[in-house]
Amino acid sequence: MTDLLRRSELALPACNDHMFAKGVTCGADLVFLDLEDATPVSLKVESRAKAIQALTQLDWGRTARAVRINGLDTPWCHDDIIDVVTRAGAALDTIVVPKAKTAKDVWWVEVLLDQLEEKLGLDKKIRLEVLIEDVEGLANAAEIARSSRRIDAVIFGVGDFSLSQGARVDTNFVPLGEYPGDFWAYARNKIMVAARIAGIDAIDSPYPDYGDTAGYEAEARRSSLYGYTGKWAIHPAQVPIANAVFAPTAEEIALAQRNLSAYREAEAKGRGAVGVEGVLVDAAHVKKAREVLARAALIDGDAQLVAAEG
């Protein structure tokens with residue numbers, strides 16, 4: 001995993017500038033202005049200008065600033081990258097790349113960014129998050145996840161993926177019939193494994209039924225068990241749910257502190273493992289405890305504790 005917070009990633013249509021002020025201040029870890037699916041063809045060009053203005057003029061606080069560009073096979077992608085980076089590159093943290101099918105797709109974006117950053121004298125490297133939302137992309141997930149040092153997350157895009165797979169699902173991507181367990185377990189696990197191989201984060205898919213907050217929470221909790229570190233939100237009401245679900249609980253923090261303390265005490269006595277309330281605690285448990293405490297510190301913004309526990 002990375003040392004970036006990506007518990008919640010809120011999508012805002014780049015054409016709907018009346019949503020921007022509320023969206024970037026709702027507490028999401030990352031907000032992306034969507035130039036792709038959420039922006040109609042007739043508004044692609046003018047929405048790019050709205051995104052640039054939002055990146056440079058609004059106060060985003062701690063929220064990471066991102067845009068989702070149009071697909072590489074569209075006539076807008078090239079100008080999306082050039083215009084946004086040229087006019088707002090210093091205020092842009094992340095570009096979200098849709099529908100990646102192979103590592104070459106990411107390479108194309110990376111080369112263009114390399115050239116632009118050098119030309120513009122930008123000191124900060126713009127990060128990439130890459131959507132896996134096609135059966136070919138899923139087959140190449142590990143290769144895609146490792147294709148660029150700019151990538152800090154891969155995202156499961158269930159909507160387009162369901163079309164690519166030909167799945168019979170409803171508008172919330174739930175199967176139209178009985179199915180045992182998680183219908184998307186294979187895709188979620190494969191993307192999760194690809195992310196871990198690359199040492200980056202995995203972000204779970206959107207949940208279109210934004211009125212069903214209980215359903216969103218249940219799906220977020222399930223993906224957090226897989227190891228996902230965050231989930232997309234398509235409405236501000238989903239943001240606090242994701243922020244809570246993808247943060248360590250008080251019980252997890254207390255357990256981590258207890259195990260780490262017991263292990264350090266045993267280590268000082270020359271032992272490599274210790275029993276704590278009838279449960280063995282060894283080096284693997286210590287690694288997990290440090291991970292939990294580092295994430296809790298990251299959420300609290302305690303940089304010194306993040307470094308100490310990492």
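Just so you know, residue 1 is the first one in the sequence shown, and it goes up from there. Since we're looking at a predicted model, the values are computed, not measured.
Taken together through direct or relayed side-chain contacts under 4.5 Å among Ile, Leu, Val, Met, Phe, Trp and Tyr, L138 and I203 form parts of separate hydrophobic clusters. Cluster annotation: W184 and Y186 are assigned to the same hydrophobic cluster (Ile/Leu/Val/Met/Phe/Trp/Tyr, side-chain heavy-atom contacts under 4.5 Å, transitive). Side-chain heavy atoms closer than 4.5 Å link hydrophobic residues (I, L, V, M, F, W, Y) into clusters, and following such links, possibly through other members, connects V135 to I191. A single hydrophobic cluster is not seen to contain both L72 and I155; linkage of ILVMFWY side chains at heavy-atom distances under 4.5 Å, directly or through other members, places them apart. Cluster membership for I81 and L122, using ILVMFWY side-chain heavy atoms within less than 4.5 angstrom, is shared.
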Output, in order, the C-alpha distance, side-chain angles, deciding distance and verdict of side-chain contact (heavy atoms from CB on, under 4.5 Å) for E133 and V158.
CA-CA 6 Å; E133 47 186 338; V158 66; over 6 Å; no
Let's go through Y207 and D212 carefully: what are the C-alpha distance in whole Å and the side-chain angles of both, what is the deciding distance for side-chain hydrogen bond (donor to acceptor under 3.5 Å, both in side chains) to 0.1 Å, and is it a yes or a no?
CA-CA 9 Å; Y207 191 87; D212 180 13; 2.8 Å; yes
Under the criterion side-chain contact (heavy atoms from CB on, under 4.5 Å), I'd like the reasoning laid out for I151 against V106: C-alpha separation, chi angles, the key distance, then a yes or no.
CA-CA 9 Å; I151 299 178; V106 181; 3.8 Å; yes
Quick one: do T229 and R295 satisfy side-chain contact (heavy atoms from CB on, under 4.5 Å)? Show the steps, please.
CA-CA 10 Å; T229 53; R295 186 157 178 82; 4.1 Å; yes
In sequence, state the C-alpha distance, the side-chain angles, and the governing distance for T39 and W76, and then conclude on side-chain contact (heavy atoms from CB on, under 4.5 Å).
CA-CA 12 Å; T39 296; W76 305 287; over 6 Å; no
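A salt bridge does not link K287 with E291: none of the charged nitrogens is closer than 4.0 Å to a carboxylate oxygen. Under a 4.0 Å N-O distance rule, the pair K99/D37 qualifies as a salt bridge. Ionic pairing of R188 and E219 is present here: one or more N-O contacts between side-chain nitrogen and carboxylate oxygen are shorter than 4.0 angstrom. Using a cutoff of 4.0 Å between basic side-chain nitrogens and carboxylate oxygens, K269 and E265 are scored as salt-bridged. Between R6 and E9 a salt bridge is recorded (basic side-chain N to carboxylate O distance below 4.0 Å).
For K124, the NZ atom counts as densely surrounded, since its 6.0 Å shell holds more than 12 non-hydrogen atoms of other residues, nucleotides or ligands. The number of heavy atoms from other shown groups lying within 6.0 Å of CD (E46) is above 12. Within 6.0 Å of atom NZ in K288, 12 or fewer heavy atoms from other residues, nucleotides or ligands are found, so the atom counts as exposed in its surroundings. The 12-atom threshold is exceeded at CZ of R222, counting heavy atoms of other residues, nucleotides or ligands nearer than 6.0 Å.
When side chains are defined from C-beta on, S8 does not count as touching Q238, because their heavy atoms never get closer than 4.5 Å. Using a 4.5 Å cut-off on side-chain heavy atoms (C-beta onward), L260 and V286 make contact. Looking at heavy atoms from C-beta onward, N70 lies out of side-chain contact with P98 at the 4.5 angstrom threshold. Between M19 and K22 the shortest side-chain heavy-atom distance does not fall below 4.5 Å. Within the 4.5 Å cutoff, the side chain of D152 has no heavy atoms near those of the L128 side chain. Counting only heavy atoms from C-beta outward, the side chains of D134 and F161 never approach each other to under 4.5 Å. Counting only heavy atoms from C-beta outward, the side chains of L58 and F20 approach each other to under 4.5 Å. Considering only heavy atoms from C-beta on, V169 stays 4.5 Å or farther from V174 through its side chain.
Note: D34 CG to L12 CG = 9.0 Å, rounded to the nearest 0.5 Å. Between atom OG of residue S148 and atom CG of residue L113 there is a gap of 8.5 Å, rounded to the nearest 0.5 Å. Atom-to-atom distance recorded for I299:CD1 and D29:CG is 8.0 Å, nearest 0.5 angstrom. Put simply, CG on L293 and CD on Q257 are 5.5 Å apart, with the number rounded to the nearest 0.5 Å. The CD atom of E277 lies 9.0 Å from the CG atom of L255; values are rounded to the nearest 0.5 Å. Note that the CD1 atom of I52 and the NZ atom of K50 stand 13.0 Å from one another [nearest 0.5 Å].
The minimum heavy-atom distance linking D59 with G61 is given by the pair OD1-N, 3.0 Å. The minimum heavy-atom distance linking A88 with L55 is given by the pair CB-CD1, 4.0 Å. Considering every non-hydrogen atom in both A145 and A194, the closest pair reads CB-O, 3.6 Å. Taking all atoms of both residues into account, the shortest heavy-atom contact from V239 to G27 is CG1-C, 3.7 Å. Across all non-hydrogen atoms, the minimal contact from I197 to A142 is CD1-CB, 4.4 Å. Closest non-hydrogen pair, G159 versus S162, comes out as O-OG, 2.6 Å.
Side-chain atoms of R150 come within 3.5 Å of backbone N or O of I126 as a donor-acceptor pair. Formation of a donor-acceptor pair under 3.5 Å by the S261 side chain with backbone atoms of R258 is not found in this model. In this structure a side-chain-to-backbone donor-acceptor pair under 3.5 Å is present from E252 to T249. A donor-acceptor pair under 3.5 Å is absent between the side-chain atoms of N16 and the main chain of H18, judged by distance alone. Proximity of a side-chain donor or acceptor of R87 to a complementary backbone N or O of T56 within less than 3.5 Å is not detected. Of the possible polar contacts, one joining the T74 side chain to the G71 backbone as a donor-acceptor pair under 3.5 Å is found. A donor-acceptor contact shorter than 3.5 Å is absent between the side chain of K231 and the backbone of R7. D105 places a side-chain N or O within donor-acceptor distance of the main-chain N or O of T102, the cut-off being under 3.5 Å. At distances below 3.5 Å, at least one donor-acceptor pair connects side-chain atoms of D93 with backbone N or O atoms of R65. Judged by distance alone, with hydrogens and angles left aside, the side-chain atoms of S164 form no donor-acceptor pair with the main-chain N or O of D160 at under 3.5 Å.
Side-chain contact of T94 with E129: a donor-acceptor pair under 3.5 Å is absent, judged by distance alone. Side-chain contact of Y228 with D201: a donor-acceptor pair under 3.5 Å is absent, judged by distance alone. A donor and an acceptor atom, one from each side chain of D204 and Y226, are nowhere located under 3.5 Å apart. With no hydrogens or angles considered, no side-chain donor-acceptor pair links N140 and K101 at under 3.5 Å. Using modelled atom types and a 3.5 Å distance limit, the side chains of N172 and D209 yield no donor-acceptor pair.
Of the residues listed (Y216, F32, F246, F156), the one engaging W232 in a ring-ring contact (aromatic ring centres under 6.0 Å, His included) is F32, and it is the only one. Of the candidates L131, V97, I95, L35, R68 forms a side chain to side chain contact (heavy atoms under 4.5 Å, CB included) with just one, namely L131.
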